[in-house]
Amino acid sequence: MTDQTTQPDNPAKPDYKTTLNLPKTSFPMKANLAQAEPATLARWQAQGMYQQIAAARADAPKFVFHDGPPYANGSIHVGHLLNKVLKDLVVRTALMEGRACHYVPGWDCHGLPIEHRVMTGLVESGKAAKLETLSDEHRRMAIRRECAAYATKFIKTQAEQMKRLLTLADYDHPYFTMQAEYESGTLEVFACLLEKGYVFRQLKPVHWSIANRTALAEAELEYEDRVDPSVYVDFEAADAAKVAIAFDFECECTPCFMIWTTTPWTLPANLAIAVHPRQKYALVEMDGSLTIVAAEMLEKLALVVGATTVVKKAEADGSALVGLEYRHPFCDRTSRIVAAEYVTMEDGTGLVHTAPGHGDDDYRTGLREGLPIYCPVRDDGTFDETVPAWLQGKIVWDANTLVVDHLRTSGHLVHALQFTHSYPHDWRSRTPVIFRATEQWFIGVDKPSTKSSAGAASSLRAMALDAVNNTIKFVPEWGRNRLRGMVENRPDWCISRQRSWGLPIPALRQADGTVFMTPASVRAVAVCVAAKGSDAWFTLSPAELLAAYDAATDADAPKSLDIASLTKMHDIFDVWFEAGSSWNSVLRQRNLGFPSALYLEGSDQHRGWFQLSLLPALGVTGKPPFDALVTHGFLVDKDGRKMSKSLGNALEVETLLKDYGAEVARWWVSGVAYDGDIRIDLDYFKVAGESYRKVRNTLRFLLSNLFDAPAWTESEATALALASPSQSLCGWLMGELATLETEVRAGYAAYDFRRAHLAIFDFCNETLSAVFCAAAKDRLYCDAADSPRRRATQATMRVAMEVLCRLLAPILPHTAEEAWKALRGEGAPLLFTQSHVGLVVGRDAGWVEVMSACASVKKALEVAKELGIDNALDAAVEIPDPHGTLAAFLPELADICGVSRVTLGGKASTVTVTDLRAQPKCDRSWRRDATVRQRADGGMLSDRDALAVGV
RNA sequence: GCGCCAGUAGCUCAGCUGGCUAGAGCACGCCCCUGAUAAGGGCGAGGUCGAAGGUUCGAGUCCUUUCUGGCGCACCA
């Protein structure tokens with residue numbers, strides 16, 4: 001086509017474009033988030049955004065929300081991004097509902113991962129050797145100083161990274177578990193639990209380094225191959241008759257239970273033999289002796305021990321053996337057979353030597369069966385006086401040979417061989433470690449409180465189960481089962497660790513070796529720690545630590561307490577006990593309110609923070625520290641595999657922020673189904689970026705058509721918008737807007753951010769962009785600027801902006817604020833001091849039919865393209881109206897369908913399209929309505945356009 | 001090994017207490033617009049509902065088994 005054909009005969013034809021009310025705005029199409037967000041952040045910080053909001057909400061009803069502390073180690077990863085953004089959605093939705101939300105970010109600082117990293121650093125830099133020359137306490141203090149510096153460094157790093165996610169929190173007053181006030185708050189919780197009788201001290205097996213005479217954590221072990229004796233040993237049954245009954249077989253001689261072990265030195269501590277209750281066990285005659293082994297293991301076993309004649313005599317279930325007794329081969333006692341699910345049929349005999357003082361499983365079995373946690377090995381690795389004389393004082397490694405020789409001599413040894421296996425070693429001394437029961441501090445979950453009138457139901461487990469079953473809300477609901485299962489099965493909580501980097505358990509030893517620690521003494525130490533931090537435990541004397549303690553007023557004080565002769569003990573708290581006390585150290589101590597409306601963490605925290613906050617809070621206050629638990633799943637890659645550095649599929653937060661910006665990430669988070677696994681991939685951010693742009697452009701369209709709107713107050717605009725009849729385009733939008741607001745707020749309230757996200761997106765994409773904006777363009781551009789219809793449309797759009805800015809604010813704080821300022825001007829009040837509009841608008845039921853008629857028109861127009869009617873404005877349509885519903889909407893139908901003319905009724909049952917290309921076209925509005933004719937200025941105009949132009 | 005959760009179009013997800021030809025958005029294809037323009041609009045194609053059994057007149061939806069993946073727990077005496 002050339003100019004001649006499009007601009008034919010009339011050179012004087014007016015250029016109507018300049019007479020249109022075309023949109024104008026300074027709100028840019030391109031968000032440029034990577035650059036704009038840091039600037040916004042700096043402005044927020046400079047103007048004290050958090051404080052301003054807090055001040056504005058000072059008298060508002062509180063929404064108590066408590067942050068679970070991430071570990072102060074390394075940079076944040078995408079898991080933190082997910083968690084922190086979800087939490088920020090909670091904070092900001094609460095604010096937009098008009099609540100006050102004092103949200104304090106926190107960090108977990110103590111614990112082995114940091115101590116381990118620091119120690120590794122010290123070894124590498126050669127400083128570790130120097131530490132060895134220091135006294136115990138000086139060495140501990142030196143390590144603690146390094147650890148504190150390390151944690152502080154990463155708190156700073158992470159805080160900046162979290163702020164960059166546009167999260168709103170009291171970053172000026174965060175909590176750290178290593179703060180003095182926090183530590184003293186933790187000790188208060190402990191004192192209270194102690195007071196109520198939940199705390200006790202008991203033996204428990206731990207990895208023990210003989211060389212360093214210390215307990216070691218899993219991370220301090222390295223595994224190396226080691227050769228040990230592997231022995232098969234016969235334990236004689238104590239009562240052959242009972243065995244005979246179990247197998248329903250008459251025994252001619254005393255049968256034996258055959259066990260296998262690679263640690264013969266633990267045999268002196270044998271107190272039970274475990275069998276699997278649902279496995280078959282065989283009574284066999286093996287080379288002349290009567291032996292009991294697992295039926296499944298028989299063949300393999302005969303080969304290993306080199307038995308020549310093997311005859312199976314009878315079989316019985318493991319459960320039938322439970323309760324039978326046997327005689328220890330060299331200690332003077334009888335023990336019994338017990339059941340254990342962990343017994344496998346992979347190695348050994350299917351009968352497991354059980355020494356509760358020397359193995360974790362054995363320990364648990366021992367506790368369950370009420371066996372003593374017997375550990376005859378002293379901290380130097382030698383046997384004490386409770387073992388047979390030939391073993392006393394011998395070191396365990398030598399005992400291996402002694403025991404094997406003794407068993408061979410006494411005839412209990414069935415077979416012995418050398419066995420190479422992977423065995424834990426102390427990473428520092430590189431010597432093999434042993435499993436040895438030591439005294440540890442516990443919080444008993446089944447002990448009833450000694451200070452409660454509730455009686456037997458007051459054990460922590462009973463209270464926790466009651467809370468899980470009856471009072472706590474779970475989102476998603478399956479969290480309830482999960483937490484219930486964990487609470488039902490958990491053992492007593494071992495809260496002591498033998499490390500340097502942590503909060504000391506303030507126990508002291510008296511001269512006679514007994515332990516001194518009472519609720520009052522703990523509280524006295526807490527006073528000291530509040531002032532000086534937990535370092536005080538390492539630098540001050542017992543007398544100084546107990547300055548606030550008065551034995552005279554402490555009913556629990558030992559009779560002849562001599563403070564001067566006390567020595568400090570050096571266990572520290574399990575870090576989970578500290579984190580699990582945050583409801584006290586933060587919420588209660590800072591008067592933020594208790595309990596929290598919710599805790600929001602990854603699903604792994606059912607085991608961790610959720611449960612370990614619940615137990616202390618129940619013990620101390622009788623109430624859970626949270627009303628609801630909201631859980632999110634873990635991030636996995638696009639193929640559903642978990643993220644890890646080694647797989648190379650981990651996404652860097654930094655990359656995301658640089659390429660997409662925090663708001664696209666937030667938009668993505670808000671749209672994710674966070675129960676269950678969450679797939680994450682750069683491609684998804686691309687998608688999120690596109691839909692963010694769609695929302696942004698829709699806002700931009702609304703804003704750009706408000707450029708010449710009168711300076712209405714919000715209520716003036718709302719009143720004007722609500723004045724539109726419900727059958728008008730504006731009336732329709734107001735109804736949709738009210739529905740949207742309700743839907744989004746309901747989604748937010750249920751922590752179903754996805755529901756809110758989708759509702760907002762659909763509204764922008766469909767309701768506004770595809771329907772309303774498309775239909776309203778004609779009246780916005782072509783109606784006289786101040787015509788009532790155009791002004792009503794602008795008022796409606798203004799209200800839509802008011803509503804959308806508020807609804808979007810929690811997800812897109814930066815963009816919502818940017819739009820808000822474009823709408824209200826730079827002098828606008830802070831968006832986060834506003835609350836939702838709360839529209840109530842009825843909807844006309846006829847709209848459903850209108851929209852479906854409109855869809856039919858669209859389809860008919862597609863068909864009409866074959867006739868050459870490419871542009872909908874070249875068409876008139878006749879729409880059937882069998883129920884007469886559409887008549888009321890007739891004035892709006894042409895705009896909504898995007899055609900030039902609409903008529904209703906007719907005989908056809910489907911939409912009829914008429915070609916209008918032969919009809920005159922308005923030079924200004926491009927419509928071919930019936931009123932178009934030549935006007936005084938020479939242009940072809942419709943009546944409406946002629947009026948608007950004034951010709 | 002045990003417990004919990006998930007598995008529906010290429011992607012992200014809806015599908016309530018079982019019931020009309022299984023839906024939406026994005027991506028894709030074709031087309032329109034050029035007065036939201038590094039924008040906007042329309043139409044369309046696309047699914048053995050992880051697999052196998054079973055209950056039922058009827059199952060994506062209930063039961064059993066199984067596979068894959070995630071989280072947690074336990075285990076290597």
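Only this structure's heavy atoms are used, side chains among them; waters, hydrogens and symmetry mates stay out. Below, chain A is the first sequence line, B the second, and so on; all start at residue 1.
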Which part of the nucleic acid does [X] contact within heavy-atom distance under 4.0 Å: base, sugar-phosphate only, or nothing?
X      : answer
A/D677 : base
A/D870 : sugar-phosphate
A/D683 : nothing
A/V687 : sugar-phosphate
A/D361 : sugar-phosphate
A/K24  : nothing
A/E690 : sugar-phosphate
A/K859 : sugar-phosphate
A/R924 : base
A/K858 : sugar-phosphate
A/A770 : sugar-phosphate
A/R482 : base

A/W926-B/G35 aromatic stacking (under 5.5 Å, under 30°): yes
Determine whether the side chains of A/H632 and A/N83 contain a donor N or O and an acceptor N or O closer than 3.5 Å. yes
So, A/D228 and A/T262: side-chain donor and acceptor under 3.5 Å apart, yes or no? no
Restricting to nitrogen or oxygen on both sides, can you table the protein-nucleotides 8-10 of chain B pairs closer than 3.5 Å?
none

Determine whether the aromatic ring centres of [X] and [Y] lie less than 6.0 Å apart.
X      : Y      : result
A/W668 : A/Y684 : no
A/F753 : A/H757 : no
A/H412 : A/F235 : no

Could you measure the distance from the CG atom of A/D874 to the CG atom of A/L861? Nearest 0.5 Å is fine. 10.5 Å
Find the distance between CG (A/D915) and CG (A/L867) and round it off to the nearest 0.5 Å. 7.5 Å
Complementary nucleotide for [N] - Watson-Crick or wobble, under 3.5 Å:
N     : result
B/A14 : none
B/A9  : none
B/C57 : B/G19
B/C28 : B/G44
B/G1  : B/C73

Closest to the A/K865 side chain: B/C5, B/C32, B/C71? B/C32
Please confirm whether the shortest side-chain N or O distance from A/N765 to OP1 or OP2 of B/C26 is below 4.0 Å. yes
Parallel, tilted or perpendicular: which one describes the rings of A/H606 and A/F610, with boundaries at 30° and 60°? perpendicular
Would you call the rings of A/Y232 and A/H415 parallel, tilted or perpendicular if under 30° counts as parallel and over 60° as perpendicular? tilted
A/N270 vs A/H328, test: side-chain contact (heavy atoms from CB on, under 4.5 Å). Steps then yes/no. CA-CA 8 Å; A/N270 174 286; A/H328 193 283; 3.8 Å; yes
Rounded to whole Å, how long is the line connecting atom CD of A/E601 with atom P of B/G72? 14 Å
Side chain A/T698 and base B/A36 donor-acceptor under 3.5 Å: no
The correct set of residues in residues 259-270 of chain A placing a heavy atom under 4.0 Å from RNA chain B is A/W260, A/T261, A/T262, A/T263
Identify each donor-acceptor pair in which a side-chain atom of residues 770-783 of chain A lies under 3.5 Å from a protein atom, sequence neighbours left out, and give them as a table.
| from | atom 1 | to | atom 2 | distance (Å) |
| --- | --- | --- | --- | --- |
| A/D778 | OD1 | A/R944 | NH2 | 2.9 |
| A/D778 | OD2 | A/R927 | NH1 | 3.2 |
| A/D778 | OD2 | A/R944 | NH1 | 2.9 |
| A/D778 | OD2 | A/R944 | NH2 | 3.1 |
| A/R779 | NH1 | A/E892 | OE1 | 3.4 |
| A/R779 | NH1 | A/E892 | OE2 | 3.4 |
| A/R779 | NH2 | A/E892 | OE1 | 2.4 |
| A/R779 | NH2 | A/D895 | OD2 | 3.0 |
| A/D783 | OD1 | A/R789 | NH2 | 3.0 |
| A/D783 | OD1 | A/R944 | NH1 | 2.7 |
| A/D783 | OD2 | A/R789 | NE | 2.8 |
| A/D783 | OD2 | A/R789 | NH2 | 3.4 |

